[in-house]
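One structure is given below, encoded as structure tokens.
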Amino acid sequence: MLEGFTPWPQEFAERYRAQGCWSGETLGAVLRQAAERYGDRTALVHDDRRIGYRDLDAWADRLAALFQRHGVHSDDRVLVQLPNIPEFVAITFALLRIGAKPVFCLIAHRETEVGHLVRLSGATHYVLPDTHREFSHRDMGERIRATHDQLRTLFLVGGRADGFVSIEDTDQEPYQTRLPDTDPADVAFFLLSGGTTALPKLIPRTHDDYVYQSLRAAEVCELNDRDVYLAALPIEFNFAWGCPGVIGTFHTGGTVVLADTPNPMDCFPLIERERVTVTALVPSLVAVWLEVAEWASWNLSSLRLLQVGGARMTREFTASIRPTLGCELQQVFGMAEGLLCFSRPDDPAESVLTTQGKPISDADEIVIADADGTALAPGEVGELLTRGPYTLRGYYAAPEHNRVAFTADGFYRTGDLARLTRDGDLVIEGRIKDMIIRGGDKVNAGEVEEHLLGCPGVRAVAVVGMPDPFLGERTCAFVVPTAAAPNPAELKQAMHARGVAAYKIPDDIEIVVELPLTPLGKVDKKALVRTRAGASITGVPS
Ligand code: OOB
């Protein structure tokens, strides 16, 4: 077992095996089996590239050999920062096959975030694109390597350069990696937490837990080998990777179509051309799809199921989806940490419109608790706590944080406020964690505050989410300056210069004389939101 990983207690592991949740299959084997079963059926489509299951499997093997040749070993952590391209999938399977642990970074991450992830994960290797959207990842990689001695090899996708290994340099001869004796109960890869603390944490996902999650999600969505899943969201996002996403589609032999962006102008032509049947979006993107669908003439009739999750929606908004897009809505409450709740195809129409459904596994345990941890009755709003066969038991190498993030009996404290309906459906009512859901991105208020405090001229700062008709929430920073007041544009520039991902730079910065305080002397963020929020929003509530 990887050091720093908190496994499930033995009693639970035995239970999940006995209940048939954990099958002992590894993720590397999922693709191998799909290649054996589905052969030349198309596994992946991107632009004009179409890759069959057998070819994808063989490609992953050649890449596994390349990684081994360049010193990637079992248990090594490898940062993977790539857009939605077939290489992402082949490289990840190659790493899984040799027992290395991919750490999924967002493509938007810059030096600050990537550097943090290198240190946190102890990564020794980094896979990156040459350039993406006019940003030189290669230059950023050089700079990060210069300050992180532990980073040994940088693997470049889509280019060649001195000091980098090109992933095109695989041997051509057929090669089949002997799947190493991977322990299915061990870490397969790492996801990033949206974060309840200032800096993102690493979420270890095991083979057992992720094979089960993606398979159950595929079953609930009734996926079969004729389904075509559009990966509109970035595939490093749990939602698009395994809920059921890419991995769930591979279980059932369907086809995954990779979109470059989730914008309708990219996705609608793909839906028409590839006869896409299923996709997943966050609410702020659904709003854009609905607008464009009103006038666009692409044929979207193949779409049978739209999964929507990641942020709250009003009933008015959910009710507009089916009439406009002509497909079923599935509400999804999910998190990189584990628990997934889905509404089901045969749920009553009203509960699909107004609830986030039920957990995908009978072995998931949910408790709604008050501030003292006492379980509340159905209908009462409290913090959502959860435990189950695919919900983590500890963040990677974070013992102190784990003491507060979990209850004594291993329930994860989600930081979400929720209630259960009489039928047992989950309804998310708000959050107690200090996080902003800005469109599809989770922005940690504390992290942005720390960056701003590091900028010249900032004495105190509070970052809050303000209602926004397009993003759901936008990030607003209230800054108390030192004697020389910085101007908002300079502050944004200063954050940018620190190498922070663009989506974390506040949308609005307001210079204030002081911050409101609670009776206990803490910054009163609720008061800031109450007094500053303008017109209330209609579509996507905060
Ligand atoms: C998904 O995952 P993360 O890890 O980016 O964010 C998790 C958090 C939740 O704790 C909750 O605060 C919020 O996102 N959230 C929702 C929600 N679904 C997630 N808030 C309200 N309503 C919902 N339906 O966001 C994610 C992962 C897998 C599937 C879907 C979403």
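Read the numbers this way: they start at 1 and go in the same order the structure lists the ligands and their atoms. Everything quoted here is computed from the prediction, not taken from an experiment.
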Restricting to non-hydrogen atoms, name the atom on Pro264 and the atom on Val292 that form the minimum distance, rounded to 0.1 Å. CG-CG2, 3.5 Å
Do the ring planes of Tyr412 and Phe406 sit parallel (below 30°), tilted (30 to 60°) or perpendicular (above 60°)? tilted
For Trp22 and Phe12, I'd like to know if the aromatic rings sit close, meaning centre-to-centre distance below 6.0 Å. no
Establish, from distance only, whether the side-chain atoms of Tyr395 and Ser193 form a donor-acceptor pair under 3.5 Å. no
Between Tyr210 and Phe189, does the ring centre distance come in under 6.0 Å? yes
Neighbouring residues of ligand 1, heavy-atom cut-off under 4.0 Å: Phe237, Asn238, Phe239, Cys243, Gly310, Ala311, Arg312, Val332, Phe333, Gly334, Met335, Ala336, Leu340, Gln356, Asp416, Ile428, Lys433, Met435, Ile437, Lys442
Checking His451 now: which residues fulfil ring-ring contact (aromatic ring centres under 6.0 Å, His included) with it, not counting sequence neighbours? none
